[in-house]
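Single-structure report; data block below.
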Amino acid sequence: MKSSRTHGAKRKGPRTRNKRHIFLNVFFFCFLLPPLCAMLFASSAFALDRSVIEARLTRFVKQIYNEDDDVRIKFNQITISQNEKTKISNISFLEMPDANGAGICSLELEQNGGRTRNVHVPFRVFTKRKIFTMRHPGRRGDVIRKADITAKEIYLSGRNNEYPATVEDVAGRVLKRDIAANTVVTKQILEEQIALQRGDPVNIVVENKRLFVQTRGKAMDKGRIGDMVRVKNVVSGRELVGKVTGGNTVVVQF
């Protein structure tokens, strides 16, 4: 008889646990699931609104760049509450992009009751640029050849005036200092080759709006293209100062 009661108690246990599971499932679906769904919906709706805002901001910022510029805009976090109406009535620049590509947009948002408020959104502009790197180590004074460099495209912030724009801006230049392989080429490490050595024969071109005279001369200084050097007219013996323009030519302006 005792063993029979024990056996009956064991059969009752699983039934009780099933009832408890049913109760917990009903409680979850009726009381916990709706608030969770509402929170997830609100979060996704806010994310959608934020993406719409960023798309409009991107179009607004890009209008100050050329159509052929490959530009990306990165925005700081847009602080708009989830319950706030996000209709944009106006966009303007609080600060235009500076030399580093950093700026601030001002959003005018319509709120409930016809009220408006401004939200400031910092951003940074990244422009696709081609940069050049050295394939091999280089020594000061080395002349760079086209085979010495490789090009790749990356997104850089700001105007990036320190990077040469074309292969022609790099090839034929001279290194100002020793560099390692894979060094990014900037204008700061380049200089023109010495175009004239002291004593080299030169063509002296004397010109102004009304006069153009060409004669033979001799370099009194060494110089690169664009440098001002002294030259001597071998016919008259007169010394002049002119600009090296290449091809052993020095132009003297009057």
Side-chain angles (χ1 to χ4, degrees), residues 65-66 68-71 97-102 124-208 212-254:
Y65 292 86
N66 297 325
D68 55 346
D69 286 337
D70 193 343
V71 174
D98 60 17
N100 295 317
R124 188 176 293 274
V125 180
F126 295 84
T127 307
K128 193 174 186 179
R129 289 288 305 271
K130 181 182 291 186
I131 64 170
F132 302 94
T133 58
M134 297 293 296
R135 294 179 183 270
H136 315 287
R139 301 288 299 274
R140 179 181 178 182
D142 286 352
V143 178
I144 301 175
R145 303 165 301 171
K146 289 184 178 180
D148 296 329
I149 57 176
T150 184
K152 62 179 180 180
E153 292 183 332
I154 62 174
Y155 284 90
L156 298 170
S157 61
R159 298 189 179 94
N160 306 302
N161 294 328
E162 69 270 25
Y163 299 101
T166 65
V167 175
E168 288 71 23
D169 294 329
V170 180
R173 299 290 184 91
V174 177
L175 291 173
K176 285 185 178 180
R177 57 179 175 83
D178 296 350
I179 60 169
N182 300 318
T183 296
V184 176
V185 178
T186 64
K187 294 179 181 179
Q188 287 73 24
I189 68 172
L190 300 176
E191 61 184 0
E192 294 285 353
Q193 295 187 59
I194 298 293
L196 284 179
Q197 295 289 346
R198 181 181 174 86
D200 283 351
V202 296
N203 297 315
I204 301 175
V205 175
V206 181
E207 64 179 4
N208 58 25
F212 180 90
V213 178
Q214 184 170 330
T215 186
R216 293 181 296 112
K218 181 175 69 173
M220 306 300 292
D221 302 310
K222 69 178 181 179
R224 298 178 173 86
I225 294 177
D227 288 348
M228 301 298 293
V229 298
R230 294 177 302 140
V231 292
K232 178 181 284 189
N233 186 325
V234 296
V235 177
S236 66
R238 182 184 177 187
E239 283 193 8
L240 303 168
V241 176
K243 180 184 289 186
V244 182
T245 61
N248 283 15
T249 300
V250 176
V251 176
V252 179
Q253 296 281 350
F254 280 98

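Just so it is clear, the structure is predicted and the values come from calculations on it, not from any experiment.
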For the CZ atom of R216 and the CG atom of N203, what is their distance to the nearest 0.5 Å? 9.5 Å
Please list, one pair per line, the donor and acceptor atoms closer than 3.5 Å that link side chains of residues 242-249 to other protein atoms, with sequence neighbours excluded.
unit_1	atom_1	unit_2	atom_2	d
T245	OG1	T249	O	3.3
N248	ND2	P201	O	3.3
T249	OG1	G246	O	3.4
T249	OG1	G247	O	3.3

Under 3.5 Å donor-acceptor pairs involving side-chain atoms of residues 126-134, not counting sequence neighbours:
unit_1	atom_1	unit_2	atom_2	d
K128	NZ	E153	OE1	3.4
R129	NH1	R159	O	3.2
R129	NH1	N160	O	3.3

Looking only at heavy atoms, the pair that brings K218 and V234 closest together is N-CG1, 4.1 Å
What residues, two or more places apart in sequence or in another chain, satisfy salt bridge (charged side-chain N to carboxylate O under 4.0 Å, His left out) together with E207? none
Going by side-chain contact (heavy atoms from CB on, under 4.5 Å), name the residues that satisfy it together with A102, two or more places apart in sequence or in a different chain. D98, R124
Any residue meeting side-chain hydrogen bond (donor to acceptor under 3.5 Å, both in side chains) with D221, in chain and number order, not counting sequence neighbours: R230
Results of side-chain contact (heavy atoms from CB on, under 4.5 Å) for K176 - residues two or more places apart only: E191
Please name all residues satisfying salt bridge (charged side-chain N to carboxylate O under 4.0 Å, His left out) with D227, sequence neighbours left out, ordered by chain then number. none
For R177, enumerate each residue passing the salt bridge (charged side-chain N to carboxylate O under 4.0 Å, His left out) test, keeping only those at least two apart in sequence or located in another chain. none
Atom of V174, atom of Q193 and distance for their closest heavy-atom approach: CG2-CG, 3.4 Å
Could you give the distance from CG (D148) to NE2 (H136), rounded to the nearest 0.5 Å? 6.0 Å
Return the set of residues passing side-chain hydrogen bond (donor to acceptor under 3.5 Å, both in side chains) with D169 (not counting sequence neighbours), or none when no residue passes. T166
What pairs with R139 under side-chain hydrogen bond (donor to acceptor under 3.5 Å, both in side chains), at least two apart in sequence or on another chain? none
From I204 atom CD1 to K232 atom NZ, the distance as rounded to the nearest 0.5 Å: 10.5 Å
Hey, what do you get for CG (D200) to CD (Q197), rounding to the nearest 0.5 Å? 6.0 Å
Atom CZ in R238, atom CG in L240: separation rounded to 0.5 Å? 5.0 Å
Pair up each side-chain donor or acceptor in residues 179-186 with any protein partner under 3.5 Å, not counting sequence neighbours, and list the distances.
unit_1	atom_1	unit_2	atom_2	d
T183	OG1	A180	N	3.4
T183	OG1	A180	O	2.6
T186	OG1	Q188	OE1	3.3

V170 versus P164, closest heavy-atom pair with distance: CG2-CB, 3.6 Å
Taking only residues two or more places apart in sequence or in another chain, which ones pass salt bridge (charged side-chain N to carboxylate O under 4.0 Å, His left out) with R173? E192
Might you point out which heavy atoms bring G223 and V229 nearest each other, and give the distance in Å? CA-CG1, 4.0 Å
